[in-house]
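Worksheet: the structure to be examined is printed underneath.
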Amino acid sequence: MSQELPPRLDPRSIEPARYRAWQDGGYFHVPATAVLEDGRDPYVIVIPPPNVTAALHMGHGLNNTVQDVLIRWRRMQGRASLWVPGTDHAGIATQNVVERQLAAEGLHRDDLGRERFVERVWEFVTETGGTILEQLKAIGASCDWERTRFTLDEDLQRAVREVFVSLYEKDLIYRGEYIINWCPRCLTALSNEEAEGEETQGSLWHLRYPLPLDATEAAAAARAAGAASVGQLPDGRWYLTVSTTRPETMLGDTGVAVHPGDERYAGLVGAHVELPLTGRTIPVVADRHVDPEFGSGMVKVTPAHDKNDFEIAGRTGLALLDVMTSDARMGDNAPEAFRGLDRFEARKAVLAQLEAVGLLAGSDAHTHAVPHCYRCNTVVEPRLSEQWFVRMKPLAEPALAASQDGTITFTPPHWQRVYEHWMENIQDWCISRQLWWGHRIPVWYCPCGEVMVSREDPAACPKCGSGALEQDPDVLDTWFSSQLWPFSVFGWPRETDDLKAFYPGHTMVTAPEILFFWVARMIMMGFEFQGEAPFTQVYLHGTVRDIKGRKMSKSLGNGIDPLRVVEEFGADAMRYTIVSQCAVGTDISLDHEDVEAAFANGRNFANKIWNAGRFALMSVGDGPVRPLADVEADLTVDDRWILSRVARASSEATRQLERFRLHEYAEGLYHFFWGEICDWYLELVKSRLQQGGDAASREAARSTLVAVLDHALRLLHPVVPFVTAELWARLPWPEDEARPADLIVAPWPSEAARWRDEAVEARFADFQSLVVEARRLRKEYGIGEGQRVAIHVAGGPEGFAAALTGRAGALEQLARVDRIETTPATGAGASAVLANGAEVFLPLEGVIDLARERKRMGEEVARVEGQLSGLRTRLANDKFVSNAPAEVVQKERERAAQLEEQSSKLREKLRALGA
RNA sequence: GGGCGCGUAGCUCAGUUGGUUAGAGCGCUACGUUGACAUCGUAGAGGUCACAGGUUCGAGUCCUGUCGCGCCCA
């Protein structure tokens, strides 16, 4: 059957079928009974639900590959390893998509009305919403698809209501009028996290507000006290200077503030200044928020359009004056001349008019962070608005403590501090959104003024009995439902078996960008509603970037489509490439202009595995294979060496996975598989596997090779599941040994430790260095691959040279050596001395170039002596000998002795060359 | 303004209790098709570990400063 395998791995011909077989075999599904009845140890990851409208991109590729590696590994360890998939309704994002569709039809959502619009979104979501989950299957994601959830599922709606009402009852949700971030395009409030600061080159304009005549004395005093911002206009009136990056807001100023301790301005507090262009006068107040050191130490106060100013007004009693409309035009409270102007037009107009009346004192270039809507990138406007908020401080306390006491760990660890800093400075969360798509706020208003916050839709007002109730028109921030994900997916608030079995989960794998949006809030909700954290490990991976370090994005056009990669190179190639770059705390960079080069490493490795497996299957053949224990007496050094290396690779792989060092896990196995199994063991075992030789040796080789391959495929399976499973399924199996049904549930290697054999490894390393040296000497003198040479080996460890005569086949195979002599060398040839002191000589009569050989040997001597002199200096240093650990000193001594021997032998050879 | 991270081979990056000759992949050079694999093999070139100090017997690794780049929060 093995002959059927083609020499080139064709992922398309194996991956889809293999995935289907896993699904049909039910390997992804974990019922609650596995934990509750069978007593298996659960391991749970809930997927960061992608937006329901999203198409798979490389960021998803990375995120889900990492999760799948962890899930597969734990599954093989025997855990009840559950990965819950699903999608997020993504309020603004999804609404925007459908609105764009409508716009293409010349329609606006108001043309449909709320009910029909929401129906339309549902249609869209039902039709296309599963796409991304289907795409995840192509990359091999072993999610429990029977548990797929959507954040607007009925169960999850119930959870959202329960949480809202419960928090309201605990006075942790309130409604009030505050300054919030407002997107004038989406026409909705945003949370602080959704308003992303963007460094912008802007201007800081200086405006003059004239003072009345009765303030002349105080103004002059301020001026005398060094307040450069106080001055006199040409007409003799005094003025104050205030600065702003948003001049249009001056139309809504209701005061000017100074610090109460700022003596320069003490006499001006209480005065009224003229607010230009408006005909209004506004008071000068004192407030501790003002930084006397910054700028003029004097600020304009616009309470309806700035968060700090709003707070100043709250303390000082300044009036609130909203001069804008919801779409950021100047509104009815602005002077008539500005009404209807867009905020940026208004800015120009205000500046022009101030200039015209001589009250613009110029501007400075000013770089500052301007908040933008994270969904549509429109400049966010701080706006006075009545919204719903969550009181975060009490919720943050246990979530903060869990990080501090190590209940929750972060990888990489520095995120712990970022998280704690955010928790310590947490602000209330604006959760109401003026959208139609999302979880409707469960609050009803009665014309009598009664407000009902209820788990069930109320039929009538409990106070006046009226049935004319109106539900709050707003929906909740998408993250309000996402934060419940770790328990809402298990049916909460019902007390389900799933919840008992799978909460709390274990690992959260996500990107740092949503640490606050999502991770922090899940932790808070976990404590509030389940009494414990939803997971204990937070693994934050990097960002996928292009070769120039730019984040991959649709708008930049620098993305790579994961499905295209799967199609062209296979899911295994994509997964290996990603995981092998997945060093803790670093980003992944992939060349979008040369996709083949970007994934070549993964593709080549998958092909290498394929061919090694193909060769092994062919060579081992179909006959029965004996258990390793039965052939133990016939194992060669090579067999025992590779088994020892398997043991090492197993424990190393486990150790790296435990520490989330996925790239070291992947790369370690890459080098083990390619550099040790393929380059050495397979080459060595080839001749033994041929028919007609020593039967006992052949059986030992067959058993060893099967065991080695079995272990290697198991270790590699989490990262390259398809090619490994395909080969493993064809692997012959030792007689009388139980065989797992599929590699996906084969036990993770943990028993190999008994194969460790340091002595054998050392012996083999000596052999390797001989082969490497022989190859090097051949190359040095251009001996072609087809040409055989003799080799003389003398000295070195006891029995080293003698043992080589029994390895003629191996040396022939690996170094093209056809004759081994343990006698001293004679004649012309190339020499070397191995690190173990063995002298190596290749007779190269007629080929050898004495001058060249002398030069080469001279360089070798210099290299060895260079190292030796460094070592000698160190060993001659009393401080080193007395301070360094004994074993370090001992090692250096041994090394020095070795180098001395090597060096003296090299010198001897050099002398023999007549140098 | 506050906090964090990075600067190692032509390119992308590893390198966690400080300890031999600093590694990988890609790229490059030479040779090679021997019955797994040319998506391959063998050998090779290529690095003052940004710079300057310091701690230490010993620093890519720890500390301080400088220069350059990036991110987060206000």
Side-chain angles (χ1 to χ4, degrees), chain A residues 2 5-9 192-193 196-197 291 293-294 308 368-369 412-415 417-418 421-422 425 512-513 515-516 543 545-549 569-570 573 577 580-591 594 596-619 659 661 663-664 667-668 670-671 674-675 678-679 682-683 686 690 771-772 775-780 782-786 812-816 835 863-864 866-867 870-871 873-885 887-889 891-892 894-896 898-899:
Chain A
S2 37
L5 301 185
R8 186 171 289 198
L9 169 61
N192 296 337
E193 289 72 27
E196 295 183 330
D291 178 1
E293 305 294 323
F294 185 79
N308 287 324
H368 59 136
H414 78 261
W415 289 107
R417 289 192 52 190
V418 177
H421 184 260
W422 187 80
N425 296 284
E513 290 101 276
L515 182 60
F516 308 140
T543 306
R545 301 181 180 277
D546 70 9
I547 204 93
K548 295 183 185 123
F569 311 113
T577 299
S580 68
Q581 283 196 55
C582 212
V584 167
T586 62
D587 291 337
I588 306 276
S589 57
L590 297 166
D591 188 350
D594 191 349
E596 177 166 359
F599 294 95
N601 190 221
R603 180 198 58 182
N604 295 353
F605 185 41
N607 192 59
K608 187 74 180 181
I609 296 170
W610 177 251
N611 271 291
R614 181 168 157 264
F615 167 72
L617 295 178
M618 248 166 7
S619 313
R659 305 192 304 162
R661 304 186 69 109
H663 92 282
E664 294 192 70
E667 286 191 346
Y670 177 98
H671 290 115
W674 201 316
C678 294
D679 291 349
L682 285 185
E683 294 302 329
K686 268 178 186 169
Q690 274 157 18
V771 170
V772 167
R775 284 169 174 170
R776 189 151 56 199
L777 294 177
R778 292 179 58 105
K779 291 280 178 188
E780 183 69 27
I783 309 302
E785 294 286 312
E812 156 81 29
Q813 182 78 18
L814 294 169
R816 320 266 97 196
R863 191 182 62 85
V864 171
Q867 284 173 41
L871 271 181
T873 312
R874 198 172 313 165
L875 286 166
N877 185 341
D878 286 343
K879 287 184 179 171
F880 170 69
V881 177
S882 52
N883 290 339
E887 57 179 63
V888 171
V889 177
K891 246 165 112 180
E892 302 279 63
E894 283 165 16
R895 173 86 182 130
Q898 209 171 40
L899 286 170

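Order of the sequence lines sets the chain letters (A, B, ...), proteins ahead of strands, with each chain counted from 1.
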Can you run through RNA chain B from 5' to 3' and write each base as (, ), [, ], | or . depending on how it pairs? Watson-Crick or G-U wobble, both distances under 3.5 Å.
-> (((((((..((((.....[...)))).(((((.......))))).....(((((..]....)))))))))))).
Among the nucleotides [options], which one has an atom lying closest to any side-chain atom of [X]?
{"X": "A:Phe516", "options": "B:A36, B:A74, B:C72", "value": "B:C72"}
{"X": "A:Ser589", "options": "B:U12, B:C37, B:C73", "value": "B:U12"}
{"X": "A:Arg874", "options": "B:C4, B:C37, B:G19", "value": "B:G19"}
{"X": "A:Glu683", "options": "B:C37, B:A24, B:G19", "value": "B:C37"}
{"X": "A:Arg614", "options": "B:A36, B:A74, B:U21", "value": "B:A36"}

Starting from the C-alpha separation in whole Å, work towards a yes-or-no answer on side chain to side chain contact (heavy atoms under 4.5 Å, CB included) for A:Met618 and A:Leu5.
-> CA-CA 9 Å; A:Met618 248 166 7; A:Leu5 301 185; over 6 Å; no
Heavy-atom contacts, protein to nucleotides 39-45 of chain B, under 4.0 Å, summarised as B (base), S (sugar-phosphate only) or - (none) per nt, yield BSSBSS-
Between [N] and [M], how far is it from one [atom1] atom to the other, in whole Å?
{"N": "B:G7", "M": "B:C11", "atom1": "P", "answer": "14 Å"}
{"N": "B:G1", "M": "B:U8", "atom1": "P", "answer": "28 Å"}
{"N": "B:U39", "M": "B:C51", "atom1": "P", "answer": "40 Å"}

Phosphate oxygens OP1/OP2 of B:C4: is one of them under 4.0 Å from a side-chain N or O of A:Arg417?
->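 Yes.
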Return no unless some side-chain N or O of A:Lys686 is found under 4.0 Å from OP1 or OP2 of B:A36.
->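 Result: yes.
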Is the base of B:U21 touched by the side chain of A:Arg895 through a donor-acceptor pair closer than 3.5 angstrom?
->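 When only heavy-atom distances are counted, A:Arg895 does reach the base of B:U21 through a donor-acceptor pair under 3.5 Å.
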A:Gln581 (side chain) and B:A24 (base): donor-acceptor pair under 3.5 Å |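 Answer is no: no donor-acceptor pair is held.
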Once you apply a heavy-atom cut-off of 4.0 Å, does [X] come out as touching a base, just sugar-phosphate, or nothing?
{"X": "A:Ala612", "answer": "base"}
{"X": "A:Pro512", "answer": "nothing"}
{"X": "A:Gln867", "answer": "base"}

Please give, in whole Å, the distance from [N] [atom2] to [X] [atom1]?
{"X": "A:Ile588", "N": "B:C11", "atom1": "CD1", "atom2": "P", "answer": "20 Å"}
{"X": "A:Met618", "N": "B:G35", "atom1": "CE", "atom2": "P", "answer": "12 Å"}
{"X": "A:Phe880", "N": "B:C57", "atom1": "CZ", "atom2": "P", "answer": "12 Å"}
{"X": "A:His663", "N": "B:U12", "atom1": "NE2", "atom2": "C1'", "answer": "13 Å"}
{"X": "A:Lys879", "N": "B:U55", "atom1": "NZ", "atom2": "C1'", "answer": "13 Å"}

